[in-house]
2 protein chains.
Amino acid sequence: MAEGTGAPGGGESLLFLTDEQLRKGIEAMFFAYRAFTADPDRILEGMDYGRAHHRAIHFIHRCPGTTVNNLLSILGVTKQSLNRVLRTLIEDGLVESRVGRQDKRERHLVLTEKGAALERELSDAQRARMRAAYRAAGPAAVQGFRQVLEAMMDPQLRRQYQTLKEAGS
Amino acid sequence: MAEGTGAPGGGESLLFLTDEQLRKGIEAMFFAYRAFTADPDRILEGMDYGRAHHRAIHFIHRCPGTTVNNLLSILGVTKQSLNRVLRTLIEDGLVESRVGRQDKRERHLVLTEKGAALERELSDAQRARMRAAYRAAGPAAVQGFRQVLEAMMDPQLRRQYQTLKEAGS
DNA sequence: CTTGGAAAGTCAACAAGGCTGACATAAACC
DNA sequence: GGTTTATGTCAGCCTTGTTGACTTTCCAAG
């Protein structure tokens with residue numbers, strides 16, 4: 001509310017902050033997220049897995065040896081919810097659960113070769129779409145894309161994202 | 001698309017298309033979408049409504065008088081799924097369903113004053129977050145943000161988004 | 001050594017919100 | 001009159017989230 005000038009020509013225009021522009025951004029997020037999840041969803045349907053399995057597999061791949069508690073805080077779900085997903089992945093031999101060495105209460109999660117193969121299939125599909133979008137939009141747009149997404153996160157989520165971001169290479 | 005160099009320094013660097021960069025974009029989408037839906041979810045919890053109700057309310061507000069079929073194709077769910085949501089909104093007096101004049105088979109959906117009030121509360125919260133993110137990132141970043149999101153959509157989704165985008169103002 | 005508490009697993013029950021299939025009705029169209 | 005279209009509805013199923021209660025394991029402090 002009370003957006004200030006709105007008048008064009010005043011040094012740096014604030015026209016990009018109008019409700020109209022914000023609404024377009026909101027709807028773009030809605031439609032883009034649908035597209036974003038469409039490819040992995042398509043691959044997983046038919047297998048007994050869903051989006052929750054994809055997320056677990058993704059982050060276990062990203063953080064090999066992570067504990068259940070750590071995974072819980074990344075995914076933002078309850079342990080009961082994660083456990084159901086994790087159990088099927090372990091039973092099916094996609095994920096291995098190793099008792100911790102120092103702290104034997106902890107379970108360290110890693111993908112098996114079979115799990116890594118599925119991860120590759122899923123992330124290849126998701127990356128292909130992302131790559132096409134990046135290429136079409138160009139490097140400057142990509143930088144802006146990431147800036148806005150990061151600015152949208154709550155500080156706590158942003159910290160988790162940053163930690164992951166730095167952890168990669 | 002003239003892939004060309006890949007080598008740094010060669011005119012336009014393609015380093016933004018590495019798997020590493022794509023992964024960061026994917027994880028940014030994941031965390032940002034959580035934040036994106038968090039505020040409306042918080043408002044709706046406690047009321048008997050959920051994210052599905054929010055989506056219906058949003059698009060009925062955007063397209064007043066839209067038919068059920070049109071709403072279905074925007075939301076991308078089955079009529080049974082939408083009907084469950086719509087029925088409660090109509091029963092609770094947030095949405096009005098008017099029999100069509102020309103074609104009496106159609107129902108035209110509009111928000112009541114009560115529905116419009118909830119819509120305002122929800123979209124105010126969502127816009128506030130968006131506005132903060134836009135302001136922090138700046139106009140150039142916002143342009144890139146929208147470009148990448150649009151490029152990510154399937155052609156059919158993009159057409160729906162474009163139609164809505166132009167319809168506004 | 002005992003005990004408190006953290007980490008993990010499990011069971012039961014429930015809710016939201018997707019889905020399919022089948023069927024009913026009314027209106028429009030041919 | 002017969003077919004198609006738009007809508008609504010019933011029943012049942014699945015995934016994925018939730019809470020609450022309880023157990024087991026095991027580190028660590030007293």
Side-chain angles (χ1 to χ4, degrees), chain A residues 30 33-34 37-38 40-60 65-92 95-110, chain B residues 30 33-34 37-38 40-60 65-92 95-110:
Chain A
F30 172 72
Y33 197 77
R34 274 244 296 269
T37 56
D41 282 358
R42 215 174 350 258
I43 292 170
L44 289 166
E45 97 179 356
M47 309 194 191
D48 281 349
Y49 306 130
R51 208 176 285 182
H53 299 84
H54 178 199
R55 291 198 283 256
I57 288 173
H58 174 95
F59 286 109
I60 293 171
T66 184
T67 63
V68 172
N69 249 4
N70 183 42
L71 196 52
L72 275 170
S73 76
I74 292 173
L75 294 174
V77 297
T78 59
K79 66 174 178 171
Q80 293 91 332
S81 198
L82 175 59
N83 193 259
R84 177 169 36 197
V85 165
L86 229 37
R87 202 188 323 155
T88 69
L89 291 176
I90 291 169
E91 279 170 3
D92 296 351
V95 169
E96 196 185 336
S97 168
R98 295 177 186 157
V99 173
R101 291 194 205 180
Q102 286 109 12
D103 188 336
K104 293 177 190 169
R105 289 167 304 180
E106 295 180 342
R107 303 300 139 94
H108 298 277
L109 303 167
V110 286
Chain B
F30 172 71
Y33 197 78
R34 274 243 297 268
T37 56
D41 283 359
R42 216 177 347 261
I43 291 171
L44 289 166
E45 97 179 355
M47 310 195 192
D48 281 349
Y49 305 130
R51 210 175 284 181
H53 299 83
H54 178 198
R55 291 197 285 258
I57 287 173
H58 175 96
F59 286 109
I60 293 172
T66 184
T67 64
V68 173
N69 250 1
N70 183 42
L71 195 53
L72 244 67
S73 78
I74 292 173
L75 294 174
V77 298
T78 60
K79 64 172 180 173
Q80 293 91 330
S81 201
L82 175 58
N83 193 258
R84 177 169 33 198
V85 165
L86 227 38
R87 202 186 324 158
T88 68
L89 291 176
I90 291 170
E91 279 170 5
D92 296 353
V95 169
E96 195 185 337
S97 168
R98 296 177 186 159
V99 173
R101 290 194 206 180
Q102 285 110 13
D103 190 334
K104 294 178 189 166
R105 290 170 306 180
E106 295 179 340
R107 302 300 139 93
H108 298 280
L109 304 168
V110 287

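Here is how names work: the chains are called A, B, and so on, in the same order as the sequence lines, proteins then strands, and each is numbered from 1. Predicted, not measured: the structure shown is a model, and the values here were computed from it.
If you measure from atom CD1 of Ile90(B) to atom P of dT7(D), you get 12 Å, rounded to the nearest angstrom. Atom C1' of nucleotide dC10(D) and atom CZ of Arg87(B) are separated by 9 Å, given to the nearest angstrom. For the pair Asn83(A) CG and dT16(D) C1', the computed distance is 14 Å after rounding to whole Å. Taking atom CG of residue Leu109(B) and atom P of nucleotide dT7(D), one finds them 8 Å apart after rounding to whole Å. Atoms CG (Leu89(A)) and C1' (dT16(D)) sit 14 Å apart, rounded to a whole Å. If you take CG of Leu82(A) and P of dG17(D), they are 9 Å apart, rounded to a whole angstrom.
Using cut-offs of 30° and 60° for the angle between ring planes, the Tyr33(A) and Tyr33(B) rings count as parallel. Taking the six-membered ring where the residue is Trp, His53(B) and Tyr49(B) present tilted rings, their angle falling between 30° and 60°.
Under the 4.5 Å side-chain criterion, counting only non-hydrogen atoms from C-beta, Leu44(A) is not in contact with Arg51(A). Counting only heavy atoms from C-beta outward, the side chains of His108(B) and Thr67(B) approach each other to under 4.5 Å.
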Once base and sugar-phosphate atoms are separated, protein heavy atoms under 4.0 Å mark nucleotides 20-30 of chain D, 5' to 3', with B, S and - as BB---BBS---

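Nucleotides of DNA chain C with any atom under 4.0 Å from a heavy atom of chain A span, from 5' to 3', dG5(C) to dC11(C).
Note that the CG atom of Leu89(B) and the CG atom of Leu109(B) stand 9.5 Å from one another [nearest 0.5 Å]. In this structure, Arg107(A) CZ and Leu86(A) CG are separated by 11.5 Å, a value rounded to the nearest 0.5 Å. Here CZ of Arg55(A) is found 9.5 Å from OG1 of Thr37(A). Values are rounded to the nearest 0.5 Å.
Contacts of His108(B) with the nucleic acid, taken as non-hydrogen atoms under 4.0 Å apart, are absent. Nucleic acid contact for Arg84(A): base, since at least one base atom lies under 4.0 Å from a heavy atom of the residue.
Taking the nucleotide of DNA chain D with the nearest heavy atom to each of Gly50(A) and Asn69(B), the more 5' of the two is matched to Asn69(B).
Considering only residues two or more places apart in sequence or on other chains, Arg84(B) meets the side-chain hydrogen bond (donor to acceptor under 3.5 Å, both in side chains) condition with none of them.
Between the side chain of Arg34(B) and the backbone N or O of Leu75(A), at least one donor-acceptor pair lies under 3.5 Å.
For the pair His53(A) and dT16(D), the criterion of a side-chain N or O lying under 4.0 Å from OP1 or OP2 is met.
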